[in-house]
Trainee: 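For reference, the structure I am asking about is given below.
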Amino acid sequence: MPKALITLTTDFGLTDHFIGAMKGVIASTAPLAQIEDISHQLEKFDIVEAAFFIGEFWKLWPKKTIHVVVVDPGVGSSRRPILLEAGGQYFIGPDNGVLTFVMRDAVKWSARELTNTKFFNKQVSRTFHGRDIFAPIAGHLARGVKPAQLGPKIIDPLQLAIPEPTRTSRRTFTGTILKVDHFGNMITNFKAPDFASIRTAPFEMVVGLETVRHLALNYSECDPGEFYVIEGSSGYLEISLNQDSAARRLGCSSGAPVELTIF
Amino acid sequence: MPKALITLTTDFGLTDHFIGAMKGVIASTAPLAQIEDISHQLEKFDIVEAAFFIGEFWKLWPKKTIHVVVVDPGVGSSRRPILLEAGGQYFIGPDNGVLTFVMRDAVKWSARELTNTKFFNKQVSRTFHGRDIFAPIAGHLARGVKPAQLGPKIIDPLQLAIPEPTRTSRRTFTGTILKVDHFGNMITNFKAPDFASIRTAPFEMVVGLETVRHLALNYSECDPGEFYVIEGSSGYLEISLNQDSAARRLGCSSGAPVELTIF
Amino acid sequence: MPKALITLTTDFGLTDHFIGAMKGVIASTAPLAQIEDISHQLEKFDIVEAAFFIGEFWKLWPKKTIHVVVVDPGVGSSRRPILLEAGGQYFIGPDNGVLTFVMRDAVKWSARELTNTKFFNKQVSRTFHGRDIFAPIAGHLARGVKPAQLGPKIIDPLQLAIPEPTRTSRRTFTGTILKVDHFGNMITNFKAPDFASIRTAPFEMVVGLETVRHLALNYSECDPGEFYVIEGSSGYLEISLNQDSAARRLGCSSGAPVELTIF
């Protein structure tokens with residue numbers, strides 16, 4: 001029988017005891033669960049980036065996986081702790097929009113507010129719900145507690161407005177940089193299938209002071225020092241350099257505007 | 001039956017093969033053990049910080065957990081390798097004070113010097129006891145070797161002097177910054193329950209050039225740009241900013257003096 | 001019965017969804033496998049460093065371990081995805097030399113090109129073979145698929161030229177810095193057993209502007225601020241400082257020349 005899987009995604013970094021505390025609570029609550037680190041290096045307090053991050057991997061996990069997501073600048077305030085069920089998987093975290101892409105991409109979802117303090121730690125601090133609420137809830141879920149025991153259904157979990165490209169003239173669309181990845185590739189919010197005509201038609205993608213006119217199939221195909229558009233593995237158009245950081249060269253980061261004209 | 005749990009805490013970083021080597025030794029020695037990373041990003045050579053770090057999470061783990069702690073600037077010197085038993089859990093590491101907070105907080109503990117080279121790697125290097133002593137000992141313990149087989153009891157494992165606040169006038173106490181966390185919160189050595197009177201009485205906490213006069217319940221309650229005292233999740237008073245690094249703004253780090261006056 | 005072990009070594013960093021995607025694919029393909037992170041912090045695109053890194057830990061893992069190694073600047077180009085079998089273990093990655101040290105140090109090895117797309121993800125992107133080829137292959141291997149089902153044998157996997165010290169005069173050898181570790185120790189390509197005469201004879205090791213004349217048994221034996229040669233835990237001579245970075249003090253990094261004269 002496969003064991004319960006619990007993944008951890010946080011902005012806690014690894015210079016503090018936070019992860020050791022969360023894992024200890026999980027191991028004590030659900031000794032048979034398997035814990036998988038996704039990342040603890042998310043940008044501090046950046047809910048939008050975390051939402052995109054989760055959105056890119058969750059569908060690849062098996063049913064019943066329990067994802068704990070803690071990017072939680074409002075910890076201890078009135079923001080609710082929630083459980084989201086989507087695609088047969090579970091997501092536990094603060095109700096601050098961090099699960100927006102999951103809700104957008106799931107065929108259907110349902111959410112609960114975590115109100116049953118019986119499944120929290122005995123003492124709940126004001127500043128570390130990862131240890132005191134989210135980790136114990138994950139552990140209890142892993143050992144078979146039913147979602148209905150954790151709290152009542154809610155219909156209004158917070159969803160962030162996700163920026164979509166807009167048509168700004170007959171041939172031109174304005175979008176934005178969703179994220180700069182570890183390699184400096186700039187992931188735009190232009191979905192590749194929606195703009196498949198750039199495979200055959202001349203185009204210009206303008207970001208910062210640069211105009212990119214070439215489409216490449218992979219990074220190593222790009223000439224050194226030249227910017228290329230690539231249909232990235234996430235399904236979005238990316239602006240890339242071969243073995244160099246496009247974002248650093250352009251001095252742009254997430255949120256920067258991108259203009260795409262297809263002739 | 002729960003499998004044996006082994007946690008790893010080091011200052012080894014992740015750009016070298018050190019962790020791959022330690023995990024390989026454990027997996028070869030105890031194939032059924034489950035290895036959990038706590039952190040490999042502890043400050044290099046900083047025994048005091050490592051001691052505090054361990055002290056903050058160990059109690060949350062289940063009995064029989066085996067914690068391997070390697071912050072070991074004296075590797076290869078005459079410092080002893082030890083096994084500490086505390087709270088039904090095991091701690092393996094150098095005898096350099098890194099387990100000070102565990103010994104302080106455990107109801108009782110006992111220690112052994114690791115002398116039985118039969119349970120070490122066949123060849124023991126002078127510079128990597130994580131691979132050659134601590135990992136194999138953890139593996140053997142996980143597969144059922146008894147502590148008494150590993151070496152004789154000792155009564156004098158090294159314990160660091162932990163700085164405690166001192167009363168410096170009728171109303172004033174002088175303490176220190178124990179640690180700056182990933183978010184820039186400054187964790188003082190003032191234990192919150194010992195200074196609970198700041199909940200009702202006016203107070204001043206002076207650190208660097210700043211005087212903090214307000215107590216907040218959580219980070220998001222703080223006004224932007226204003227310093228607050230918070231009763232942190234570790235049980236100590238912290239100096240914090242809302243979504244900003246208090247430590248960077250104040251230019252202070254661990255070891256800085258803090259003065260608390262309660263009126 | 002021990003479960004299948006899969007290790008992950010990449011240059012993907014931890015600010016993106018890449019690792020969450022790979023682990024999800026593995027967990028979905030082989031629910032009983034145990035995944036162990038080695039590192040995701042390898043230097044971007046640096047195949048030589050990655051090859052050395054793998055070479056330093058693989059022999060310590062048990063037979064049947066599946067090592068996934070993704071440092072892959074040529075992803076999506078004509079470079080082949082391969083499976084290497086060596087020492088009873090499996091290695092999955094791009095055919096770009098990243099497994100050079102494994103091939104050098106194994107008693108024997110055999111390699112296959114991964115051509116059977118039946119064991120890939122249904123859709124294979126041009127830029128993320130970690131998710132679309134290497135992770136699913138690892139999962140299928142873990143659940144019992146035979147290597148012969150994955151593709152045909154090849155005899156020419158790429159092997160990098162590994163720099164060896166050369167004798168440049170009667171008493172002098174010229175080598176290089178293979179790697180600078182997390183602590184700033186400079187690992188040369190002088191194998192300690194080949195130069196054991198420095199234990200008894202006077203010697204000079206010149207790197208940058210520094211001439212090192214002393215051999216130490218461990219780091220803490222070195223006088224503060226003085227450079228020492230140490231027989232490191234990897235079996236190479238290292239240049240080290242006590243609790244300080246030799247590399248930063250010398251302003252040298254991997255690839256720098258080192259001259260050793262034994263009198």
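The figures that follow rest on heavy atoms only: side chains count, while hydrogens, waters and symmetry mates do not.
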Trainee: Is the number of heavy atoms from other residues, nucleotides or ligands under 6.0 Å of B:R112 CZ greater than 12?
Mentor: yes
Trainee: For C:E238, is it the side chain, the backbone, both or neither that has a heavy atom under 4.5 Å from a heavy atom of chain B?
Mentor: neither
Trainee: For C:W61 and B:G20, indicate whether the former's side chain and the latter's backbone hold a donor-acceptor pair under 3.5 Å.
Mentor: yes
Trainee: Taking every non-hydrogen pair under 4.5 Å, which of C:P62, C:G55, C:S240, C:G235 racks up the most with chain B?
Mentor: C:P62
Trainee: Does B:R248, at its CZ atom, have more than 12 non-hydrogen atoms belonging to other residues, nucleotides or ligands within less than 6.0 Å?
Mentor: no
Trainee: Could you grab the distance from atom CD1 of B:I35 to atom CD of C:E36, nearest 0.5 Å is fine?
Mentor: 4.5 Å
Trainee: Side chain, backbone, both or neither: which part of B:R131 has an atom under 4.5 Å from a heavy atom of chain C?
Mentor: side chain
Trainee: What part of B:A30 gets closer than 4.5 Å to chain C, counting heavy atoms only: side chain, backbone, both or neither?
Mentor: neither
Trainee: What's the separation between atom OG in C:S39 and atom NE2 in B:H40, rounded to the nearest 0.5 Å?
Mentor: 9.5 Å
Trainee: Could you please spell out the steps behind the ring pair (Phe, Tyr, Trp, His ring centres under 6.0 Å) verdict for B:F45 and C:F183?
Mentor: CA-CA 9 Å; B:F45 316 123; C:F183 299 98; 5.5 Å; yes
Trainee: Would you mind checking which part of B:F12 comes under 4.5 Å of any heavy atom in chain C, side chain (CB onward), backbone (N, CA, C, O), both or neither?
Mentor: both
Trainee: Please look at C:K179 and chain B and tell me whether the side chain, the backbone, both or neither of the residue comes under 4.5 angstrom of a heavy atom of that chain.
Mentor: side chain
Trainee: Tell me which one of C:L60, C:L5, C:D37, C:T7 satisfies side-chain contact (heavy atoms from CB on, under 4.5 Å) with B:K23.
Mentor: C:D37
Trainee: Under a 4.5 Å cutoff for heavy-atom pairs, which residue among C:L217, C:L42, C:I38 has the most contacts with chain B?
Mentor: C:L217
Trainee: With a 4.5 angstrom heavy-atom cut-off, is it the side chain or the backbone of B:S125 that approaches chain C, or both, or neither?
Mentor: side chain
Trainee: Give a yes or no answer on whether the side chain of B:S77 reaches the backbone of C:S220 with a donor-acceptor pair at less than 3.5 Å.
Mentor: no
Trainee: Could you check which of B:V124, B:V75, B:I26, B:D132 has the highest count of heavy-atom pairs closer than 4.5 Å to chain C?
Mentor: B:V75
Trainee: Measure C:I54 against the heavy atoms of chain B and call it side chain, backbone, both or neither at under 4.5 Å.
Mentor: neither
Trainee: Side chain, backbone, both or neither: which part of C:D11 has a heavy atom under 4.5 Å from chain B?
Mentor: neither
Trainee: Is it the case that atom CZ in B:R249 sees more than 12 heavy atoms from other parts of the structure closer than 6.0 Å?
Mentor: no
Trainee: Determine the minimum heavy-atom distance between B:H17 and C:S234, stating which atoms define it.
Mentor: CE1-OG, 3.5 Å
Trainee: CG/B:L14 to OG1/C:T9 distance, rounded to the nearest 0.5 angstrom?
Mentor: 10.5 Å
Trainee: Who among B:T29, B:T15, B:I19 has the most heavy-atom pairs with chain C under 4.5 Å?
Mentor: B:T15
Trainee: OG1 of B:T127 to OH of C:Y219: how many Å apart, nearest 0.5 Å?
Mentor: 4.0 Å
Trainee: Please state whether the side chain, the backbone, both or neither of C:Q34 comes within less than 4.5 Å of a heavy atom of chain B.
Mentor: side chain
Trainee: Quick one: which of B:G76, B:P73, B:S28 has the most heavy-atom pairs under 4.5 Å with chain C, could you say?
Mentor: B:S28
Trainee: Answer whether the closest heavy-atom distance between the side chains of C:H182 and B:K44 falls below 4.5 Å.
Mentor: yes
Trainee: Against chain C, label B:N121 side chain, backbone, both or neither, depending on which of its atoms sit under 4.5 Å from a heavy atom there.
Mentor: neither
